[in-house]
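Data first, discussion second: the structure below is written as C-alpha cells.
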Amino acid sequence: MLGTTRTVILRAAATGATTTEAARHAGVTPTTASHHTTVLRDAGLITIHRHANTVLHALTPLGASLLQQNGWHRVH
C-alpha cells in the first residue's frame with residue numbers, strides 16, 4: 001500500500017501539509033497528491049482539517065505509529 005510517493009506524502013503530513021505542499025515534497029502534481037491523500041485518509045493514516053479554502057493533511061495516531069515503527073518519522 002505504501003510506495004515511495006505515499007510514504008513521502010505521509011511524512012509531509014507529519015508536520016501538516018496542504019495538498020500542494022505534499023505534491024511538492026513528493027514531486028507529483030497536486031491532482032496526483034490528492035489521489036494519494038485520499039487513499040491514506042481512507043486507510044486511517046491521515047486526517048484533514050479545513051481552514052477557509054485550505055485543506056491541511058495531518059497524521060492520525062495510526063499514521064504516526066506507522067512512521068515511527070518504520071523509521072520514516074524524519075522529514076527531509
Side-chain angles (χ1 to χ4, degrees):
M1 179 176 115
L2 282 182
T4 303
T5 302
R6 288 189 187 146
T7 299
V8 171
I9 291 173
L10 187 64
R11 289 172 60 197
T15 56
T18 65
T19 302
T20 301
E21 291 167 340
R24 189 172 34 247
H25 281 286
V28 298
T29 66
T31 302
T32 299
S34 181
H35 167 76
H36 288 297
T37 58
T38 297
V39 171
L40 292 169
R41 189 176 67 246
D42 290 348
L45 300 176
I46 64 172
T47 187
I48 60 168
H49 302 280
R50 295 186 189 279
H51 300 281
N53 297 350
T54 303
V55 174
L56 189 66
H57 304 282
L59 290 179
T60 63
L62 179 61
S65 177
L66 179 67
L67 287 180
Q68 280 192 322
Q69 288 176 6
N70 289 288
W72 297 331
H73 58 282
R74 292 175 292 282
V75 179
H76 300 288

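Sequential numbering from 1 along the given sequence is applied to the chain's residues. The structure displayed is predicted, hence computed values, not measured ones.
- Side-chain contact check for Val39 versus Leu45: every heavy-atom pair is 4.5 Å or farther apart.
- Within the structure, every pair that satisfies the side chain to side chain donor-acceptor pair (under 3.5 Å) test and touches residues 26-45, not counting sequence neighbours, is listed here: Arg6-His36, Thr29-Thr32.
- Here Thr4 contributes atom OG1 and Ile9 contributes atom CD1; the two are 11.0 Å apart, rounded to the nearest 0.5 Å.
- Cluster partners of Ile48 are Val55, counting Ile, Leu, Val, Met, Phe, Trp and Tyr whose side-chain heavy atoms approach within less than 4.5 Å, directly or via other members.
- Contact detail for Leu56 and Gly16: the closest heavy-atom pair is CD1-C, 3.6 Å.
- Atom CG of Leu59 and atom CD of Gln68 lie 10.0 Å apart (nearest 0.5 Å).
- Considering every non-hydrogen atom in both Ala12 and Ala22, the closest pair reads CB-CA, 4.4 Å.
- To the nearest 0.5 Å, atom CG of residue Leu40 and atom CD1 of residue Ile46 are 5.0 Å apart.
- At a threshold of 4.5 Å between non-hydrogen side-chain atoms, the residues Leu66 and Leu2 count as touching.
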